[in-house]
Every structure is written in structure tokens, then in C-alpha cells.
Asks: 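Supplied in C-alpha cells, the structure appears directly below.
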Number of protein chains: 2
Amino acid sequence: MLKLSKKADYGLMALQYIASVQYGDVAQARIINTKEIAEEHHIPVELLAKVLQALAKHGIVESQNGPKGGYLLARNAGTITIAQVLEAIEGPLGIADCYHDKDESACLQREHCNIRTPLRKVQDSIYQLLNNMTVEDMMGGTPLITIQPTTTVEGVER
Amino acid sequence: MLKLSKKADYGLMALQYIASVQYGDVAQARIINTKEIAEEHHIPVELLAKVLQALAKHGIVESQNGPKGGYLLARNAGTITIAQVLEAIEGPLGIADCYHDKDESACLQREHCNIRTPLRKVQDSIYQLLNNMTVEDMMGGTPLITIQPTTTVEGVER
DNA sequence: TTTTGTCCGACCAATTTGATCGGAGACCTG
DNA sequence: CAGGTCTCCGATCAAATTGGTCGGACAAAA
């Protein structure tokens, strides 16, 4: 219940990885291609590519074609929130459709719906929660997480 | 994204309705059958029955068979949290499986998973949020007389 | 005992999700 | 300058979850 999809998982992993390499060591900052991320995290390449496409289309990452190509963050990691990432991958988020849908919503219960108002509070709280966390918070060096500060940037042979 | 299923919606609506009739006016407290709830909210009867079965199996409502039968709350409305309801209907909730799963979890990424720790904070916050709200809190605009002395509006910060 | 109305468990169809394949464009190399 | 290679990109297919349905079992009333 409330479990986020594999695509969302993959997207967050990829963004964390890209941000770590891009912002972790400025000297070794480089473009990262889909294959590298997929092999590093053991996820299917083509599916990850699809996720990165969606992220690129929504202006979260930028794609660079051709050999030595790949992806890089379109803007600073601190300005990319989890909510933005999830919405880019799987559409608008919300525990119910009847809040952002148009009046043609097929919710037959809306006339006698008694849970609409109280649930809205829950949804707003969740949204605020996801919007206060950025991909920067998922990297090392923040008090949010307790990972060893020795983020060893692995030199992948090519 | 993060939308809760129809069954969860139906279950919450039914509980709100049962609680309103059962606690709203003590003089007119009565057993409510599945058909009445379904017709009141325009939802398929058989599906609602299935949801109520799950709630009964988890000790949230009690079933009474035979004519004049139906359902009633198993315990006070203030002690039934949204989290308990959702878990009864759709299993344990969590934005990822790898937290409550056994070591047998098929998550191939857990070795190199970088988002596990930060996402756990999000999950805990959501769980806490759903666990601080009860079906009593959903009885705000009940058409019947409310005799509950304390209306605790649970605010969630950040 | 018969009848009626209810809950209960197993079954089937539809939507969403996960995964895959071939093609188009861009960069490097000779 | 041209060919080859590597990358991203869009459309397509299979699997799993969800939404919905059906007949049987049980209990109370007549």
C-alpha cells in the first residue's frame, strides 16, 4: 500500500548517483550514461532510459547525445524536490483524483462523499513532506542521513 | 501517483458512515447492512462487502449475520486510525518493500541502494501522519448530533 | 420447517505497470 | 569528408495488480 513504483525507485537512484558524481568531486565531474547507472544498480537499462527520458522532458536532467554522451542535472540538486521527480515520472500525485480533476471526474460518490475534506489534509501534508526534501538531501553530507562521509567515488573503467 | 485504491476509498467511506450512525445519535443507533451503505454512496455492493469482510477479519468492525444483520464498529471510533484501516484492506503500507520484508527480499539493488536511508524518513513521516488520524476525526460534518466531547485536530508540522 | 435476507469465499475481466525491441540522431575516427 | 559506433528516443508487448462478479453457506424470523 502506498508503495511507489519501480520506475520511481529507479529514477531516484539515478538522480542520487548523478548528483553524487556531478557535485561530489568537482575535479572528476563527468557525464554519466544510462548503461553505467544501470549496471551499478543492477536495473534493466532500457527501463531506466525511459525514466531518464521523462526526467529530461520535464527539465530535471539534460541529455547529451552521441558517444561520450549521457545525462547531467539540469539545475542545482538543492532545487530538485522529491515531489517534482515523482510527478515527472508518474504524473500528478495525490491520494485521490477528485482534487485536481476537472468537473468531468467520474467519481460517482462525490455527492455523498464524506471523506473528501479530511483526506485532503492528509494529502496536503504528504505533498508538503515530499516537497521539502531535495535530491541534495539524499546525498552525503547532510544531517538528514547517517552515511559515512567517505563517499568514495568509484572510478569506473571504460 | 500515491493514489490509494478504490477499495481503500470505499472502506473509509463505509467506516465514516457506520460511525456517524452508530455514534451520532444514540437513540437511533442501529445495525447497518452492506446494501444500505452501497446505495447511499453509489458503489457496487459486492465489492464493498469484500472490503467489509477484510475489516471484520482484522477486528475493526463486527459482522452480524441473518436478517436485520449488518456491521457495526468493533471499538470506539477514536481508537481506529487510518493506518490500521488501510493496512487491513491492502496489507502493510510503506513506500518500499525493503523495510519490512525479510532478508529474502528480492531487491537486487539493496547492495548499492543509496536512497534507502533518506526515504525511510519519508515513510515514517507518512505512517505517523496516517496513524494520528482516526475515523472519529472524519466525522466532522456529520448531519446527526455529535456527542463527542473532544475534537482533537491533529496538526502535522513540516 | 420453510423462507428470506445476510455474510462469506472463490472466480473472471480490465487497467496499470514492468520490460523489450527496433529506429533516428550525434559524435568520434580514419 | 565518410563511415562506423555509441547514445538517446518512441512505439510495442507481456505480466501483475486491481476492480468487479458470481454462486454457496449461515442465521434469524415466520
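Chain identifiers are assigned alphabetically (A, B, ...) following the order of the sequence lines, protein sequences preceding nucleic acid strands; residue numbering begins at 1 within each chain. A quick note: this is a predicted structure, and the numbers were derived from the prediction, not measured.
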Asks: Across nucleotides 25-30 of chain C, 5' to 3', mark each nucleotide with B, S or - according to how protein heavy atoms within less than 4.0 Å reach it.
Replies: BBB---

Asks: Is the backbone N or O of B:Ile115 less than 3.5 Å from a side-chain atom of B:Arg120, with the two atoms forming a donor-acceptor pair by type?
Replies: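 No; judged by distance alone, with no hydrogens or angles, the pair does not exist.
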
Asks: To the closest 0.5 Å, what do you measure between CG (B:Leu15) and CD (B:Gln84)?
Replies: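 Interatomic distance, B:Leu15 CG to B:Gln84 CD, rounded to 0.5 Å: 11.0 Å.
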
Asks: What is the distance from CD of A:Glu36 to P of D:dC8, rounded to the nearest Å?
Replies: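 About 11 Å, once rounded to whole Å.
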
Asks: Whole angstroms only, please: what is the NZ-P distance between A:Lys57 and D:dC8?
Replies: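 Result: 15 Å.
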
Asks: Atom NZ of A:Lys7 to atom C1' of D:dT17: distance rounded to whole Å?
Replies: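 Interatomic distance, NZ of A:Lys7 to C1' of D:dT17: 15 Å.
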
Asks: Figure out the CD1/P separation between A:Ile31 and D:dC8, and round it to whole Å.
Replies: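 Those two atoms, CD1 and P, are 10 Å apart.
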
Asks: Atom CG of A:Leu72 and atom P of D:dC8: how far apart are they, to the nearest Å?
Replies: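 The distance from CG of A:Leu72 to P of D:dC8 comes to 12 Å, rounded to the nearest Å.
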
Asks: Give me the bend of the helix from C:dT1-D:dA30 to C:dG30-D:dC1, using the axes of the five pairs at each end, rounded to 10°.
Replies: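 Taking the rotation axis at each end, their angle is 10°.
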
Asks: How would you list all residue pairs meeting side chain to side chain donor-acceptor pair (under 3.5 Å) that involve residues 32-51 of chain B, not counting sequence neighbours?
Replies: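 Output for this query lists B:Tyr17-B:Glu36, B:Arg30-B:Glu36.
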
Asks: Could you measure the distance from the CZ atom of A:Arg116 to the CD atom of B:Gln16? Nearest 0.5 Å is fine.
Replies: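 One finds 14.5 Å between CZ of A:Arg116 and CD of B:Gln16.
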
Asks: Could you tell me whether the side chain of A:Ile37 reaches within less than 4.5 Å of the side chain of A:Tyr10, counting heavy atoms only?
Replies: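 No, every pair of side-chain atoms sits at 4.5 Å or beyond.
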
Asks: Whole angstroms only, please: what is the CD-C1' distance between A:Glu39 and D:dT7?
Replies: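 About 14 Å, once rounded to whole Å.
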
Asks: Quick one: side-chain contact (heavy atoms from CB on, under 4.5 Å) partners of B:Ile126, sequence neighbours excluded?
Replies: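 B:Ile126: side-chain contact (heavy atoms from CB on, under 4.5 Å) contacts with A:Leu2, A:Ile126, A:Leu129, B:Ile95, B:Val122, B:Leu130.
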
Asks: Would you mind reading off the distance between B:Leu4 atom CG and D:dG19 atom C1', rounded to a whole angstrom?
Replies: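 Distance, rounded to whole Å: 15 Å.
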
Asks: Which distance, rounded to the nearest 0.5 Å, do you find between the CD of A:Gln53 and the OH of A:Tyr71?
Replies: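 With rounding to 0.5 Å, CD (A:Gln53) is 5.5 Å from OH (A:Tyr71).
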
Asks: Taking A:Asp137 for its side chain and A:Thr134 for its backbone only, find out whether a donor-acceptor pair lies under 3.5 Å.
Replies: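 Flag set: sc A:Asp137 to bb A:Thr134 pair under 3.5 Å.
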
Asks: Between D:dT18 and B:Tyr10, is there an OP1 or OP2 to side-chain N/O distance shorter than 4.0 Å?
Replies: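 Answer is no, no contact under 4.0 Å.
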
Asks: What I'd like to find out is whether the side chain of A:Lys7 reaches to under 4.5 Å of the side chain of A:Leu47, using heavy atoms alone.
Replies: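 Sidechains of A:Leu47 and A:Lys7: in contact.
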
Asks: Give me the other members of the hydrophobic cluster that B:Ile31 sits in, counting Ile, Leu, Val, Met, Phe, Trp and Tyr linked by side-chain heavy atoms under 4.5 Å, directly or via other members.
Replies: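 The other cluster members (ILVMFWY side chains, heavy atoms under 4.5 Å, direct or chained) are B:Leu72.
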
Asks: For the backbone of B:Leu73 and the side chain of B:Gln22, can you confirm whether one donor and one acceptor N or O come within less than 3.5 Å of each other?
Replies: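 Flag set: sc B:Gln22 to bb B:Leu73 pair under 3.5 Å.
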
Asks: May I have the distance from A:Lys6 (atom NZ) to D:dA16 (atom C1'), rounded to whole angstrom?
Replies: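 After rounding, the gap between these two atoms is 11 Å.
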
Asks: Which parts of residues 44-55 of chain B get close to DNA chain C, meaning a heavy atom less than 4.0 angstrom away?
Replies: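 Result for residues 44-55 of chain B: B:Lys50, B:Gln53, sorted by number.
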
